[in-house]
Structure formats: C-alpha cells, structure tokens
Amino acid sequence: TKKGGYQKMGNKLTIDMTGEVYQDFTVIPAGIYPVQVVSVECKQKIGSTNKYLEWKLGVTFGEFDGKVLTSRTTLVKGRRWLYKQAMECFGVPKVNEKFTFDTDELVGKKCNVKVIIKKNKFTDKDGKEKEYEKNEVTQFLKSGIAKAQNTLGVSEDESVVEDDPQIPF
C-alpha cells in the first residue's frame, strides 16, 4: 500500500550482500603497508569524460590486517604516473605501449603501498566548514622493495625509483 509517497513493503527483507566490501573509514597511521588487490573498477564521474580506476586494497599484515584502503588512479593522459607505477608493480607487460587488459586479472596481486593521512574540508548542509581525515595511497611499491610497517611510520628502501618525467604517463 502507498503511504506518504512511499510504498510499504512489509517487514521481511532478503538482501544479497554477496561480494559486498565493507568500507571502513577508520584512518590508519601513515606508513608502508603490504596489500592485496580486492577489486579494481573502471569508473567515470557523471558529467566528466575523465576515467579512473578505483582500487580496493586489503592490508595483509600487522595491526591493520584486513583493513580495506580505496585508491584512485586517473587514466587522463599526462597524469597517469600512479597508474603506471601500479601496473609495473603487478608485472603488467608493455606499460609504455598501448595495451588492453582485464582489471579482474589484477585481483589477488600483492604489493606494498605508501599511505599518508590527508585532511579534507567541506561545508555541511548548515553552511559550517568541517574537516576530516582520510588515507590516501601515494605510491605503489613492489613487494620486495619496502619493509612493511604498520604504526611505526614510513620505511622506504633507497632503491625506489621515481617515474621518469619524460614519459607521458
């Protein structure tokens, strides 16, 4: 029956949560963490032509084992440095050429990621400025490059190579 613009559906519900990834917004300390790819989806913001990959990365060690981090890598030419870094970590061949791949092939792959804490501001519905913290993945590292740490801060190996600025990624 309709009531106040809504349709009453009864009290018993069946909701299929298969494949749902719980989004825990708990902020973890900055550092380098071992992760495994849980999912990768190609997305595009409504009203934009810019596509990006949204990564769900599960921490696989330490105090934050099981925590899922979300990262986005843009697919806009000239700004693909983090995307390129991720592909190289996961052994995707021909990163410097045009290639096609299935994002599902990345699920289960492992690497380390450098995580920072980023402060964001927004204006709430009452016009008040609010601030919140969130984690941001700023670097993908091959599994053997960095020593995994959780709350002890960032630990990086000197052999980490930065992207070549001449490559248009």
Side-chain angles (χ1 to χ4, degrees), residues 17-45 48-120 132-169:
M17 297 291 287
T18 306
E20 292 287 326
V21 177
Y22 170 69
Q23 185 64 41
D24 176 6
F25 293 103
T26 304
V27 177
I28 63 176
I32 294 178
Y33 295 88
V35 295
Q36 182 170 8
V37 178
V38 175
S39 67
V40 184
E41 285 185 71
C42 186
K43 293 188 171 187
Q44 184 173 344
K45 188 174 181 180
S48 173
T49 58
N50 300 335
K51 294 180 181 176
Y52 62 91
L53 293 181
E54 183 174 270
W55 303 76
K56 299 290 184 186
L57 306 166
V59 177
T60 60
F61 179 79
E63 179 182 352
F64 301 101
D65 187 12
K67 163 77 173 158
V68 176
L69 302 167
T70 300
S71 180
R72 291 181 176 160
T73 55
T74 183
L75 299 177
V76 175
K77 189 169 183 164
R79 300 181 70 197
R80 301 181 220 175
W81 61 272
L82 191 60
Y83 160 78
K84 180 181 177 219
Q85 210 174 63
M87 295 295 107
E88 288 175 341
C89 277
F90 299 127
V92 175
K94 301 180 182 181
V95 172
N96 292 322
E97 300 173 18
K98 185 176 182 176
F99 65 97
T100 302
F101 71 101
D102 184 342
T103 57
D104 287 343
E105 293 174 13
L106 298 170
V107 174
K109 300 267 187 195
K110 295 180 180 183
C111 72
N112 290 320
V113 291
K114 181 177 179 181
V115 176
I116 63 166
I117 297 173
K118 185 175 181 181
K119 292 183 188 272
N120 285 330
Y132 68 97
E133 293 182 337
K134 71 175 195 170
N135 287 121
E136 182 175 308
V137 173
T138 60
Q139 196 170 10
F140 284 82
L141 305 162
K142 290 183 181 173
S143 290
I145 290 179
K147 195 177 213 178
Q149 294 187 6
N150 46 36
T151 59
L152 301 177
V154 177
S155 170
E156 295 182 61
D157 186 297
E158 296 299 321
S159 66
V160 175
V161 178
E162 295 297 320
D163 274 338
D164 181 348
Q166 302 302 314
I167 298 174
F169 270 78

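Residue numbers count from 1 along this sequence.
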Trainee: How close do V107 and S39 get, heavy atom to heavy atom, and via which atoms?
Mentor: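 So the minimum-distance heavy-atom pair works out to CG2-CA, 4.0 Å.
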Trainee: Going by atom types alone, do W55 and T70 pair a side-chain donor with an acceptor below 3.5 Å?
Mentor: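 No pair is found: no donor N or O on one side chain lies under 3.5 Å from an acceptor on the other.
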Trainee: For T100, what residues pass the side-chain hydrogen bond (donor to acceptor under 3.5 Å, both in side chains) criterion, not counting sequence neighbours?
Mentor: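 None.
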Trainee: Would you give the length of the straight line joining atom CG of N112 to atom CD of Q139, rounded to the nearest 0.5 angstrom?
Mentor: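 With rounding to 0.5 Å, CG (N112) is 10.5 Å from CD (Q139).
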Trainee: Any donor and acceptor pair, going by atom type alone, linking the side chain of Q36 with main-chain N or O of G108 inside 3.5 Å?
Mentor: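 Present.
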Trainee: What verdict does the side chain to side chain contact (heavy atoms under 4.5 Å, CB included) test give for L141 and C111, after you've listed the backbone C-alpha separation in whole Å, the side-chain angles of each residue and the deciding distance to 0.1 Å?
Mentor: CA-CA 6 Å; L141 305 162; C111 72; over 6 Å; no
Trainee: Could you walk me through whether N50 and Q44 pass the side chain to side chain contact (heavy atoms under 4.5 Å, CB included) test, one step at a time?
Mentor: CA-CA 6 Å; N50 300 335; Q44 184 173 344; over 6 Å; no
Trainee: Could you measure the distance from the CZ atom of F90 to the CD atom of Q85? Nearest 0.5 Å is fine.
Mentor: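 Rounded to the nearest 0.5 Å, the CZ-CD separation comes to 10.5 Å.
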Trainee: Is any side-chain heavy atom of Y52 closer than 4.5 Å to one of C42?
Mentor: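 C42 does not reach Y52 side chain to side chain.
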Trainee: Would you compute the distance between atom CG of L75 and atom NZ of K43 and round it to the nearest 0.5 angstrom?
Mentor: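 Atom-to-atom, L75:CG and K43:NZ are 13.0 Å apart.
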Trainee: Run L57 and Y33 through side chain to side chain contact (heavy atoms under 4.5 Å, CB included) and show every step you take.
Mentor: CA-CA 10 Å; L57 306 166; Y33 295 88; over 6 Å; no
Trainee: Of the non-hydrogen atoms in A30 and I116, which two are nearest, and what is the gap between them?
Mentor: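 Of all heavy-atom pairs spanning A30 and I116, the closest is CB-CA, 4.1 Å.
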Trainee: When you measure from the side chain of T103 to the backbone of V40, do you find a donor-acceptor pair of N or O atoms at a distance under 3.5 Å?
Mentor: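 Yes, T103 side chain to V40 backbone: donor-acceptor pair under 3.5 Å.
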Trainee: Looking at every heavy atom in both L69 and V113, which two are closest together, and how far apart are they?
Mentor: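 For L69 versus V113, the nearest heavy atoms are CD1-CG2, 4.3 Å.
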Trainee: Any side-chain heavy atom of N120 sitting closer than 4.5 Å to one from K118?
Mentor: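 In short, these two side chains touch, coming nearer than 4.5 Å.
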Trainee: Taking E133 for the side chain and K119 for the main chain, is one N or O donor matched with an acceptor at less than 3.5 Å?
Mentor: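 No, E133 side chain to K119 backbone: no donor-acceptor pair under 3.5 Å.
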Trainee: Distance check, rounded to the nearest 0.5 Å: K110 atom NZ versus C89 atom SG?
Mentor: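 Going from the NZ atom of K110 to the SG atom of C89 covers 14.5 Å.
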Trainee: Nearest 0.5 Å please: distance from the OG1 atom of T74 over to the CZ atom of R80.
Mentor: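 Taking OG1 in T74 and CZ in R80, the distance rounds to 8.0 Å.
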Trainee: So, the side chain of K67 versus the backbone of T26: is there a donor-acceptor pair under 3.5 Å, distance only?
Mentor: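 Yes; at least one donor-acceptor contact below 3.5 Å.
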Trainee: Given the rule in the side chain to side chain contact (heavy atoms under 4.5 Å, CB included) test, do M87 and L106 qualify, once you have shown the distances and angles that lead to the verdict?
Mentor: CA-CA 9 Å; M87 295 295 107; L106 298 170; 3.7 Å; yes
Trainee: Calculate, to the nearest 0.5 Å, the distance between atoms CZ and CG belonging to F140 and L82 respectively.
Mentor: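 Between F140 CZ and L82 CG, I get 5.0 Å after rounding to 0.5 Å.
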